[in-house]
S.K.: 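I have a structure I would like to understand better, so I am pasting it below and will then ask my questions one at a time.
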Protein chains: 2
Amino acid sequence: MSKCESCIVKEFNSLKALTREELMRVSNCKTGKIFKKGQVVFEEGETLNGVYCVKDGVCKLTKLSENGKDQVVKLVVKGGLLGKRSLVTEQKTNLSAIALSDMEMCFIPKSEIMEDLQKNPKFTMDVLKKMAHDLKESDESLVNMAQKSVKRRMAEILMYIHDNFGTDDEDYLSIVISREDYASIVGTATESAIRILSQFKKEGIISTRGKQIRIEDYSALKWME
Amino acid sequence: MSKCESCIVKEFNSLKALTREELMRVSNCKTGKIFKKGQVVFEEGETLNGVYCVKDGVCKLTKLSENGKDQVVKLVVKGGLLGKRSLVTEQKTNLSAIALSDMEMCFIPKSEIMEDLQKNPKFTMDVLKKMAHDLKESDESLVNMAQKSVKRRMAEILMYIHDNFGTDDEDYLSIVISREDYASIVGTATESAIRILSQFKKEGIISTRGKQIRIEDYSALKWME
DNA sequence: CTAAAAATATGATATTTGTCATGTTTGTGT
DNA sequence: ACACAAACATGACAAATATCATATTTTTAG
């Protein structure tokens, strides 16, 4: 397995703040893990004893609502760390992580990282920054959920995916997920999500090929009321 | 002005993790501030150069949505710190803070605290924990907004205020806010908020005296579908 | 104390969104 | 290539919520 020191993925997350020595230690205790599309990485209520570093693939973080429906809280791609909160608190995780595509990840035991979190201020500060960023994003989503129409939210998630996760060489969104997942991100019924995407298609704002979606008219999404 | 070392309020926030010497230094550079009900503490987009420690009163953290409506993201009371995020990033604040009652606060310049954040791991860890907690709460609110009815959300905010901020000696919620604020917390139209509270009143679940609200039947709120 | 302003209350109606039913398309394993 | 399951699509209707209009009550300023 490749070594953390030379792993390009870490450049996208807090691990880059570790020293070469620390990275080597982490590298020696990490374990590579493969998850197939649909597989559960961890589930709400579990005790996590480490973090996952995403090397490839996409993953959704969801929370079960009392009405029995899952709500997607965040999408995580290459470079993302899953289970950051577990480093900080003793509490069980409040989210589930489910692979949306085949995934390649490294698991780093908490015990190994905690020491660094205590001793390397640069690393701690970086974790803190990431957490602050997540909080900001979560607050923004909260406002979106509370104040915007389902159609607007759908427009925004399409732009979000486009801007943050990019497109393939034919301009299709590189993240490919089901309408059910879109519904669960936007917080609506699956039928409503389908209906809205169909409408966008009719209006020429997007086009589709199977599950793939291509944005044809970004500014229409942007200025949609 | 009283000194941080002997201030009881700090027991509720991360400042308690500071050493006696650090607290004395903080104490010397802090400034006391009074805000009247309705007054703006800071506004979305401002650059904050410190944190506010709430000694008394209630404050709402809001974010302006594109539809022109404010959404309350969090309520902060005695012991709370406003502007934590500003300690961690250079970015402008993403939230506005507005006093919901007359407030007494201490302002601590960022420059003074940053040093501690770098050098006192116990303090850093505590800030990290608080941030993780805020993130968890924000994710939970997100799911509530996305998946629950306005009525349910109203029931939950009443219980939340009851459980977290308590009641006066006549059992009225100690936080007294307008229906408009309730609407802005729950993420609905003011009329809808009024209607739902009226309904609760008719059903004997709550009673009111002016703006004050008393929960008469907690379990009705809890089990409301 | 009083007038004006703000907040609360409520009805009527429009809009958005959810639910249920049913049919079609797409993907998958053999 | 086929059969079956899953995902997608769409109509009809129900329920939730927003909006607009208009009183009434409460609070506030002078």
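Atoms considered below: every heavy atom in the structure, side chains included; atoms not considered: hydrogens, waters and symmetry mates. Here is the naming used below: chain letters follow the sequence lines, and residue numbers restart at 1 for every chain.
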S.K.: For B:Lys211 and D:dT27, give me the distance from atom NZ to atom P, rounded to whole Å.
M.R.: 8 Å
S.K.: Tell me the interatomic distance from A:Leu197, atom CG, to C:dT17, atom P, rounded to whole angstroms.
M.R.: 14 Å
S.K.: Counting only non-hydrogen atoms, which of residues 200-208 of chain B are less than 4.0 Å from DNA chain D?
M.R.: none
S.K.: Counting only side-chain nitrogens and oxygens, does B:Thr190 get under 4.0 Å of the OP1 or OP2 atom of C:dT8?
M.R.: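 No, B:Thr190 has no side-chain N/O under 4.0 Å of OP1/OP2 on C:dT8.
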S.K.: I need the CG-C1' distance between B:Asp181 and C:dT8, as an integer number of Å.
M.R.: 14 Å
S.K.: Quick one: does A:Gln71's side chain have a donor or acceptor within less than 3.5 Å of a partner on A:Ile185's backbone?
M.R.: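 Answer holds: yes.
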S.K.: With no hydrogens and no angle check, is any side-chain donor or acceptor of B:Ser27 less than 3.5 Å from a backbone partner on B:Lys3?
M.R.: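 Side chain of B:Ser27 to backbone of B:Lys3, a donor-acceptor pair under 3.5 Å: no, none is there.
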S.K.: Are A:Arg195 and D:dA9 close enough that a side-chain N or O sits under 4.0 Å from OP1 or OP2?
M.R.: no
S.K.: Nearest nucleotide by nearest heavy atom, which residue falls closer to the 5' end of DNA chain D, B:Gly187 or A:Glu180?
M.R.: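 It is A:Glu180, whose closest nucleotide lies nearer the 5' terminus.
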S.K.: Rounded to the nearest Å, what distance is computed from the CD atom of residue B:Glu191 to the P atom of nucleotide D:dT19?
M.R.: 8 Å
S.K.: Roughly how far apart are B:Tyr172 OH and B:Thr208 OG1, rounded to 0.5 Å?
M.R.: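 Answer rounded to 0.5 Å: 7.5 Å.
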S.K.: Rounded to the Å, how far apart are B:Tyr182 OH and D:dT17 C1'?
M.R.: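 After rounding, the reported distance stands at 20 Å.
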S.K.: Is a side-chain donor or acceptor of A:Arg214 paired with a backbone partner of A:Leu173 at a separation under 3.5 angstrom?
M.R.: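 Not at all, since once roles are kept as given, no pair shorter than 3.5 Å links the two residues.
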S.K.: Please give, in whole Å, the distance from C:dT25 C1' to A:Arg209 CZ?
M.R.: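 Roughly 17 Å, once rounded to whole Å.
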S.K.: Between A:Arg152 and A:Glu225, does any side-chain N to carboxylate O distance fall below 4.0 Å?
M.R.: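 No.
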S.K.: Whole angstroms only, please: what is the CG-P distance between A:Asn67 and D:dA15?
M.R.: 18 Å
S.K.: Which comes earlier along DNA chain C counting from the 5' end, the contact point of B:Ser192 or that of A:Val150, where each point is its nearest nucleotide?
M.R.: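 Residue closer to the 5' terminus by nearest nucleotide: B:Ser192.
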S.K.: By the 4.0 Å heavy-atom rule, please label B:Lys148 as base, sugar-phosphate, or nothing.
M.R.: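 The answer is nothing, as B:Lys148 stays clear of every strand by at least 4.0 Å.
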S.K.: With nearest nucleotide decided by heavy atoms, which residue, A:Ile194 or A:Ala146, maps closer to the 5′ end of DNA chain D?
M.R.: A:Ile194
S.K.: Compare every heavy atom of B:Tyr182 with every heavy atom of B:Leu197, then report the nearest pair and how far apart it is.
M.R.: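 Between these two residues, the closest heavy atoms are CD1-CD1, 4.2 Å.
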S.K.: Any sub-3.5 Å donor-acceptor pair from A:Glu44's side-chain atoms to A:Leu64's backbone N or O?
M.R.: yes
S.K.: If you compare every side-chain N and O of A:Lys69 against the phosphate oxygens of C:dT19 (OP1, OP2), does one of them come in below 4.0 Å?
M.R.: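 So the side chain of A:Lys69 is within the cut-off, an N or O lying under 4.0 Å from OP1 or OP2 of C:dT19.
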S.K.: Considering every strand and a 4.0 Å limit on heavy-atom distances, what is the contact class for A:Thr188: base, sugar-phosphate, or nothing?
M.R.: sugar-phosphate
S.K.: Can you tell me how far P of C:dG11 sits from CD1 of B:Ile196, to the nearest Å?
M.R.: 15 Å
